[in-house]
Amino acid sequence: DVQLQASGGGLVQAGGSLRLSCAASGFTFDDYAIGWFRQVPGKEREGVSCISGSDGSTYYTDSMKGRFTISSDNAKNTVYLQANSLKPEDTAVYYCAAAMGSCLRSMEYWGKGTLVTVSS
């Protein structure tokens with residue numbers, strides 16, 4: 001029943017921006033934290049950002065250096081990731097995932113990713 005669907009990826013030139021969306025269903029959205037992750041083939045998956053459904057607290061991986069902004073619309077059960085000043089090394093499949101209660105917990109549910117390709 002749980003569904004997490006990432007969308008909004010595509011091809012963008014270096015320096016450009018994209019807004020990714022994660023539509024959630026099948027669970028109580030306000031009880032979960034939603035995180036964004038990315039992965040390149042042959043490399044370890046890394047976290048990008050996370051937001052708590054209960055109070056809206058946000059967390060970011062330090063290496064992202066402010067280029068990514070997470071937000072949520074609880075009425076729509078949707079989490080967004082605004083990605084700015086994109087670099088070729090940002091090219092990856094971006095996934096959203098959900099954890100009960102806290103961004104500090106291991107993610108329990110994973111959706112299919114959306115591909116972001118940044119050209120030089």
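A quick note: this is a predicted structure, and the numbers were derived from the prediction, not measured.
- Taking every heavy atom of both residues into account, Gly53 and Asn74 meet most closely at O-ND2, 3.3 Å.
- The side-chain heavy atoms of Arg38 and Phe68, taken from C-beta on, include a pair separated by under 4.5 Å.
- Between the side chain of Asp31 and the backbone N or O of Thr28 there is no donor-acceptor pair closer than 3.5 Å.
- Remark: the backbone N or O of Val118 is paired with a side-chain donor or acceptor of Thr91 at under 3.5 angstrom.
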**Study point:** Stepwise side chain to side chain contact (heavy atoms under 4.5 Å, CB included) test for Lys87 and Ser120
**Key:** CA-CA 8 Å; Lys87 306 173 182 179; Ser120 60; over 6 Å; no
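- Here OG1 of Thr58 is found 7.5 Å from CD1 of Ile70. Values are rounded to the nearest 0.5 Å.
- What you find for Ser49 and Leu81 is that their closest heavy atoms are CB-CD1, 4.3 Å.
- Taking the six-membered ring for Trp and thresholds of 30 and 60 degrees, Trp110 and Tyr95 have ring planes more than 60 degrees apart, a perpendicular arrangement.
- A donor-acceptor pair is defined here as one N or O able to donate and one able to accept, closer than 3.5 Å; no such pair exists between the side chain of Ser52 and the backbone of Ala33.
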**Study point:** side-chain hydrogen bond (donor to acceptor under 3.5 Å, both in side chains) evaluation trace for Asp73 with Thr78
**Key:** CA-CA 5 Å; Asp73 185 338; Thr78 300; over 6 Å; no
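- Arg67 places a side-chain N or O within donor-acceptor distance of the main-chain N or O of Ser85, the cut-off being under 3.5 Å.
- Between Asn84 and Ser17 the shortest side-chain heavy-atom distance falls below 4.5 Å.
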Check your understanding: Hey, mind stepping through Val48 and Met64 against side chain to side chain contact (heavy atoms under 4.5 Å, CB included) and telling me if it holds?
Key -> CA-CA 7 Å; Val48 178; Met64 301 302 160; 4.0 Å; yes
Practice item. In sequence, state the C-alpha distance, the side-chain angles, and the governing distance for Tyr94 and Leu115, and then conclude on side chain to side chain contact (heavy atoms under 4.5 Å, CB included). Key: CA-CA 6 Å; Tyr94 285 71; Leu115 176 63; over 6 Å; no
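- Using a 4.5 Å heavy-atom threshold, the side chains of Tyr60 and Asp62 count as separate.
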Practice item. Evaluate side chain to side chain contact (heavy atoms under 4.5 Å, CB included) for Tyr80 paired with Cys22, printing each intermediate quantity in order. Key: CA-CA 6 Å; Tyr80 305 96; Cys22 177; over 6 Å; no
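- Between the side chain of Thr61 and the backbone N or O of Gly47 there is at least one donor-acceptor pair closer than 3.5 Å.
- Of all the heavy atoms in Leu20 and Gly9, the pair that sits closest is CD2-N, 3.6 Å.
- Not a single donor-acceptor pair under 3.5 Å links the side chain of Arg45 to the backbone N or O of Gln39.
- Scanning both residues, Ala24 and Leu4, for their nearest heavy atoms gives CB-CD2, 3.6 Å.
- Taking the six-membered ring for Trp and the full ring otherwise, the centers of Phe27 and Tyr32 sit less than 6.0 Å from each other.
- A donor-acceptor contact shorter than 3.5 Å is absent between the side chain of Ser57 and the backbone of Asp55.
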